Amino acid sequence: MPDIVTRFAPSPTGHLHIGGARTAVFCWLLARHFGGRFYLRIEDTDPLRSKQEYTDAILASMRWLGLDWDGPPVFQSRRADLYDGLADMLLASGHAYWCGCTPEEVEAMREIARQNGAKPRYSGKCRERRLGPGQGRCLRLKIPLTGKIVFDDMVKGRIVVDAGELDDMVIRRADGMPTYNLAVVADDNDMGVTHVIRGDDHVSNTPRQILIYQALGLPVPRFGHVPMILGHDRRKLSKRHGARSVIEYQRDGLLPQALVSYLARLGWSRGNQELFTPEELVRYFDGGNLNPAAAAFDPAKLEWTNARFMRSMPPDDLARHVAPFARDAGFVDTPEERLAELCVLFRERATDLRALAQCFRPLLVPAAELAVHEKDAARHLTDEGKNHLRALAAVFRSCDPFDAETVNAALDAYVADNSLTFKQVAPPLRTALMGFMGGSHLNDTMAFLGREETLARLRRATEFADEKKSQS
RNA sequence: GUCCCCAUCGUCUAGUCGGCCCAGGACAACGGCCUUUCACGCCGUCAACAGCGGUUCGAAUCCGCUUGGGGACGCCA
């Protein structure tokens, strides 16, 4: 039996969002660091909101992030027997009772409590009525009237709650379905979960769950409540803040390991280290150093993180990641070795894979289809510029081999022999090759294009300039 | 309203037992350098211990209060 067992338990009512992903990352890291087990549980007890497509999407996002889980996912909707058994035990031991109050009656009780300035709660009307099962009756947990519930949270420290603050919560609905708190306890216990890492919004559920554990005589796991993620304005995170689902970040061209690094760093730290490979995270994350304060999501830093990962990974790996984006951009039959070369040329000029793939465009389209930036053309494809291009065409034609070094030497010689400066020659050359004043280094660009394509572009640029001239 | 939680630069954070912190790193912003474009990179600038009391020789670090923020209060999860 491994000593650390964690679980991630999303409800399939939407895609995996950034907050849930971070919780999953922490759960996964804790288990992997200690060589324990990490389970996935789908909390689909709400048939109205749960959807199969969301389950599939969440699993896909987990896989993409590299968060592998142990064993098959557990579905709460298929474990009614487990919950029924525990509910019956609670009833038999006198820790639970049947309640015949209608939802309307309960709402009225809450309203009264509210008006008295107290916490809205169930009054406990059926607590001592010794009702039996019946139509419309639910099961409630008999909460102790006095005493304190204490637990030492891994991130928040000691939390103390008065039992008197809690009301007798429903553990099984009138339709027989278990309530969240009962199902969680039942499953966590059944799965042998030792460390419950979850969102901040669950701290108030924890005392209730502890009471269930205690009523059942079950061992209480360790809890760790990570704060929620805030938007840039430190308000609750929403779509407006640029925080989206994991799937959207994937589509936008983020590297999964970059997202994981950023997410881990949001609320956790190890000295001044900013970037972590998944291996480093597993090595260093032991559940400590978690920040109890909520953190704001910063798209700019995520972008920077991603850019750093793109620049530091082997070109072959980068090429594999950028391939789908290159296909989307229309470059369907560019071989991966070719993409790897392009990655080396452009990886410092893009912060995500999608933008990187777009950078390839000028070098992958045929000369005739190269988009020419009007302003740059007007400025640099002048008569003088064209003369340079014609002369350079002759120079480059005799370059052999046609590689970056040779081409560069030829260019150097041309500038020197004619007492020119680079500033006179480079702009027209660049405009001819790229179509605008941007892009990769000239020698690398020409080496990538090869002799024929390079010459074609020089020719095409002079023709383009001639056309423009005759038009005006 | 009641209960719980939180509080260091705009943002993420470092800050182990209180002294090495007139608070360090990173992102962003701004300025500069590099430069055959655009970038990368490098250098620098701006910028914070929410407030008030206390404990102490000494507090960002401990305690209390205040303020501000968040969460929870469902037969949702």
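Quick caveat, the model's predicted, so the values are computed rather than measured. Each chain gets a letter, A, B and so on, in the order its sequence line appears, and its residues count up from 1.
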**OP:** Would you please classify the geometry between the Y249(A) ring and the F297(A) ring as parallel, tilted or perpendicular, with 30° and 60° separating the classes?
**Re:** tilted
**OP:** Return the orientation label for the F151(A) and F223(A) ring planes: parallel under 30°, perpendicular over 60°, tilted otherwise.
**Re:** perpendicular
Once you round it to whole Å, what is the distance between [atom2] of [N] and [atom1] of [X]?
X       : N      : atom1 : atom2 : answer
R349(A) : G41(B) : CZ    : P     : 12 Å
Q76(A)  : C76(B) : CD    : C1'   : 12 Å
I18(A)  : U11(B) : CD1   : P     : 20 Å

[N] phosphate, OP1 or OP2: any side-chain N/O from [X] under 4.0 angstrom?
X       : N      : result
K423(A) : U37(B) : yes
T179(A) : G74(B) : no
R110(A) : G74(B) : yes
N291(A) : U13(B) : yes
R173(A) : C76(B) : yes

Among [options], the nucleotide that comes nearest once only the side chain of [X] is considered:
X       : options                : answer
R265(A) : C12(B), C40(B), A7(B)  : C12(B)
L442(A) : A77(B), C38(B), U36(B) : U36(B)
E165(A) : U37(B), U2(B), A14(B)  : U2(B)

**OP:** Identify whether any heavy atom of N408(A) sits under 4.0 Å from a base atom; if not, whether one sits that close to sugar-phosphate; answer base, sugar-phosphate or nothing.
**Re:** base
Original post:
What does V415(A) touch in the nucleic acid at a heavy-atom separation under 4.0 angstrom: a base, only the sugar-phosphate, or nothing?
Top reply: nothing
Using the [atom1] atom as the point on both nucleotides, what is the distance between [M] and [N], in whole Å?
N      : M      : atom1 : result
G19(B) : A23(B) : C1'   : 13 Å
C73(B) : U66(B) : P     : 26 Å
C49(B) : G15(B) : C1'   : 10 Å
U61(B) : G18(B) : P     : 11 Å
C17(B) : A59(B) : C1'   : 14 Å
A48(B) : G41(B) : P     : 27 Å
C46(B) : C63(B) : P     : 34 Å

So which nucleotide does [N] pair with, by the Watson-Crick or G-U wobble rule with both distances under 3.5 Å?
N      : result
C33(B) : G41(B)
U2(B)  : A72(B)
A50(B) : U66(B)
A14(B) : none
C9(B)  : none
G19(B) : C57(B)

Original post:
Using 4.0 Å as the upper bound for N to carboxylate O, is an ion pair formed by E274(A) and K301(A)?
Top reply: yes
Look at the side chain of [X] and the base of [N], then say whether one donor and one acceptor between them are separated by less than 3.5 Å.
X       : N      : answer
H441(A) : U37(B) : yes
K301(A) : A26(B) : yes
Q115(A) : G1(B)  : no

Subject >> Base of U36(B) and ring of F422(A) stacked, centres under 5.5 Å, planes under 30° >> reply: yes
Original post:
Do N443(A) and E405(A) have side-chain N/O donor and acceptor atoms under 3.5 Å apart?
Top reply: no
